Amino acid sequence: MNRSIGQYTLFLAFSLMFALIARGQQVVTGGPPPEIRNHIDALMKAANSSSSEEWEKMAQKHFSPSELTSHSVEERKQVFDNLRRDFGTISVGFVEGPDEPLRLHIRGSTGASGIIELSLEHDAPYRISDLAVKIGGSGHDKLNSNVDPPPVNGNMPNEQLARALDTYFGKLAANDVFSGNVLVAKDGKTLFQGSYGFADRANKVANDSAIRFNVGSINKTFTQAAIQQLVARGKLSLTDTVGKLLPDYPQEMTRAATVDQLLHHFAGVADFFGEQFSATAKDRFRSNADYYKFVSDLKPLFAPGTRRQYCNGCYIVLGAIIERVSGIPYEQYVQENIFKPAGMTATGPLQSDGINPDVAIGYTQKAGDGRLQSNVLMQGASGCAAGGGYATAADLLSYAEALRHGRIPDVASAKDLGIAGGAPGINSILEQNGPWTVIVLSNLDPPAAEDVGRSLARALTN
């Protein structure tokens, strides 16, 4: 699930959404929220100055206290000197999200291109809590020098491919930079499936193929599919407003938002993550209806249609609309209408304080002190229509194949997918391109799954 309000730009190739977008494509005209823009602008201004003193002044104002204490002034000066040496004057092309961390795609006057990767505080004032720089390539290349792309290609014999991948992920797990499950399929048939690291570190429970992982915002594609079904069945329209479908919605401004604006992050609904959520007992959040009660009481961020900002709250409202229109809880609707026809037998929400077999505990270093620890107190007791549900790699393959072959009633077929999700202790990716499907699920912080997943998908299809 997406945690920071800074995660504002969606660059996921949701083929499923294209059928919805086709009837009302909106142009993204907004930029990042002012709170985040301020940090990015200050960072770039300091990077393009000729003074490491200006860089340090920026850091003291825009870096988080934990980041300031974890690195010395001299270390920060070295980052500045390296930026100037490698890039010269820097311009920003675009900012990639939605999942933490943000990636600033940059180009320098030296001709070099690269990425500045930023993690932000999860609450106001959303200062920079981590910064990393990568030279060359694109946002899908490795961001850490100790993680190399997988040494495979799509022409390798199946057995050779499997051996190479097992060795590759085994080394990543041995270095504790990967923990999770990997599945590679061609034409819907699994060629490789491997499990690495621990689902439960305290009790030494290893990951295996039956383990369910929190897949974060991949859940949004299930919500999109449900909306598409209800549109196809004449139960609602993309131009219907929140006020029409949820006439008792407490925020008057948001009642003007359309279903289409909710889908595409133009509605201005407040995110549930923030200081108030952090201070609220997490056992209050056991269904989408619980999240809806919380989010609908929050003041809107802006008037619908005036800008675009990544919006978990929008998808919680969509979940409430699905409930109101269908007459059944959101969780029941997607179970009966999406998961069942897709053949997904192990997917759905869980109660984190229950006894759940075959579940990976999320482990994060973003809890404040840099130590690896469980993320259970950072999430609601269950997920919602914006994310937080659980699935196996095999179930996500079933979903991708059901979309490819049009097996989900009233949902358009989709032959290519690129969807991902991430939050502290959660990272997942499903890439389907041509005959190849790559699924990587991890119970570590982003980009544990995304970077290797995208790199693997690219290696197989190039």
Side-chain angles (χ1 to χ4, degrees), residues 11 78-79 82-83 85-87 96 99-107 112-119 130-186 191-198 206-207 213 363-365 372 393 418 420-422 425-434 436-462:
F11 286 97
Q78 187 63 54
V79 171
N82 290 344
L83 281 170
R85 179 197 66 206
D86 296 330
F87 294 98
E96 181 184 3
D99 297 310
E100 192 176 18
L102 300 177
R103 294 182 175 116
L104 313 181
H105 290 246
I106 62 174
R107 182 171 293 278
S113 61
I115 295 166
I116 297 177
E117 184 179 271
L118 302 177
S119 294
D130 193 24
L131 181 150
V133 180
K134 181 229 176 237
I135 302 174
S138 69
H140 302 311
D141 289 323
K142 65 177 183 176
L143 291 165
N144 300 301
S145 60
N146 63 328
V147 179
D148 295 316
V152 298
N153 63 72
N155 297 319
M156 295 173 70
N158 294 347
E159 291 184 3
Q160 183 183 357
L161 175 67
R163 285 195 302 270
L165 289 176
D166 190 49
T167 299
Y168 173 78
F169 282 101
K171 289 180 179 179
L172 294 183
N175 292 328
D176 211 20
V177 295
F178 181 75
S179 171
N181 284 352
V182 183
L183 187 152
V184 175
K186 187 175 184 181
L191 300 184
F192 173 78
Q193 188 163 6
S195 301
Y196 306 89
F198 291 99
N207 284 316
F213 289 79
Y363 294 97
T364 180
Q365 292 180 310
L372 196 66
I426 300 165
N427 202 210
S428 56
I429 185 167
L430 189 166
E431 290 269 338
Q432 188 176 66
N433 190 351
W436 293 99
T437 304
V438 172
I439 298 164
V440 184
L441 309 179
S442 180
N443 56 336
L444 297 178
D445 292 324
E450 286 180 78
D451 280 356
V452 293
R454 290 190 177 109
S455 183
L456 174 53
R458 188 172 60 254
L460 292 172
T461 55
N462 284 349

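We number each residue from 1, following the sequence as shown. If you're wondering where the values come from, they're calculated on a predicted model, not measured in any experiment.
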Identify each donor-acceptor pair in which a side-chain atom of residues 155-163 lies under 3.5 Å from a protein atom, sequence neighbours left out, and give them as a table.
none

Quick check on side chain to side chain contact (heavy atoms under 4.5 Å, CB included): which of Asn427, Ile429, Val440 does Val452 satisfy it with? Val440
Between the side chain of Thr437 and the main-chain N/O of Gln432, is any donor-acceptor distance below 3.5 Å? no
Leu183 side, atom CG; Asn181 side, atom CG - distance, nearest 0.5 Å: 9.0 Å
Check whether any side-chain heavy atom of Leu165 lies under 4.5 Å from a side-chain heavy atom of Val184, and answer yes or no. yes
Is any side-chain heavy atom of Leu456 less than 4.5 Å from a side-chain heavy atom of Trp436? no
Closest contact, heavy atoms only, Ala393 versus Gln193: CB-NE2, 4.5 Å
Answer yes or no: is there a donor N or O on one side and an acceptor on the other, between the side chain of Asn443 and the main chain of Phe198, under 3.5 Å? yes
Value for CD (Glu431) from CD1 (Ile439), rounded to nearest 0.5 Å, stands at 10.5 Å
To the closest 0.5 Å, what do you measure between CG (Asn153) and CG (Leu460)? 8.0 Å
Taking Thr461 for its side chain and Ala457 for its backbone only, find out whether a donor-acceptor pair lies under 3.5 Å. yes
So, for Ser442 and Ser179, which heavy atoms are closest and what is the spacing to 0.1 Å? OG-O, 2.7 Å
Between Gly114 and Phe87, what is the shortest heavy-atom contact and its length? N-CE2, 3.9 Å
So does Lys171 pair up with Asp148, basic N to acidic O under 4.0 Å? no
With rounding to the nearest 0.5 Å, note down the distance linking CD1 in Ile106 to CG in Leu83. 6.5 Å
Distance (rounded to the nearest 0.5 Å) between Thr364 OG1 and Leu372 CG: 7.5 Å
Closest heavy-atom contact between Glu450 and Ser428? CG-O, 4.1 Å
Minimum heavy-atom distance between Ala459 and Pro150, given as atom pair plus value: CB-O, 4.4 Å
Shortest non-hydrogen contact from Phe213 to Gly180? CZ-CA, 3.7 Å
d(Asn207 CG, Phe178 CZ) to nearest 0.5 Å is 8.0 Å
